Peer 1: 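Quick one: the structure is below, and I'll ask about it shortly.
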Amino acid sequence: MLTASKVARALGVSKGRVYRALSRPYPLPYITIASAAKAGGQERHYTIGVLLPRLKATFGISPEQTKALFVEGGYNV
């Protein structure tokens with residue numbers, strides 16, 4: 001599962017640009033998980049299958065950035 005922070009770190013863009021890309025033209029499905037590091041805060045977690053088409057259309061990501069997304073998400077590459 002990937003958060004907006006992990007996506008931003010893998011792509012080298014700001015977290016705001018990632019949130020904007022994931023919410024327009026319609027919000028992508030996500031689940032919220034309570035974050036232990038931030039008391040009371042929740043983070044949106046997206047699956048890689050939902051993210052890749054939107055990120056490719058918005059940012060035109062390269063194969064190296066795609067691999068970085070898999071590494072950030074903890075998927076076996």
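Computed from a predicted structure; not experimentally measured.
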Peer 1: Looking at A4 and K15, what are the two nearest heavy atoms and their distance?
Peer 2: CB-CG, 3.9 Å
Peer 1: Heavy atoms only: give me the nearest R54-A21 pair and the separation to one decimal.
Peer 2: NH1-O, 2.9 Å
Peer 1: Scan residues 24-34 for pairs that pass salt bridge (Lys or Arg N to Asp or Glu O under 4.0 Å), counting only residues two or more places apart or in two chains.
Peer 2: none
Peer 1: Indicate every side-chain donor-acceptor pair of residues 25-34 with a distance under 3.5 Å to a residue at least two apart or in another chain.
Peer 2:
{"from": "T32", "atom 1": "OG1", "to": "Q42", "atom 2": "OE1", "distance (Å)": "3.4"}

Peer 1: Go through the steps to decide whether L22 and T58 satisfy the test side chain to side chain contact (heavy atoms under 4.5 Å, CB included), and finish with yes or no.
Peer 2: CA-CA 9 Å; L22 299 181; T58 305; over 6 Å; no
Peer 1: Determine the minimum heavy-atom distance between Y75 and I48, stating which atoms define it.
Peer 2: OH-N, 3.4 Å
Peer 1: Nearest 0.5 Å, please: how far is OH in Y19 from OG in S5?
Peer 2: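 Nearest 0.5 Å value for the OG-OH distance: 6.0 Å.
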Peer 1: Ignoring hydrogens, what is the shortest heavy-atom contact between L2 and L69? Give both atom names and the distance.
Peer 2: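 That would be CD2-O, 3.7 Å.
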Peer 1: If every non-hydrogen atom of L11 is compared with every non-hydrogen atom of Q65, which pair is closest and at what distance?
Peer 2: O-NE2, 3.5 Å
Peer 1: Answer yes or no: is there a side-chain heavy-atom contact under 4.5 Å between I61 and L52?
Peer 2: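 Contact flag for I61/L52 side chains = yes.
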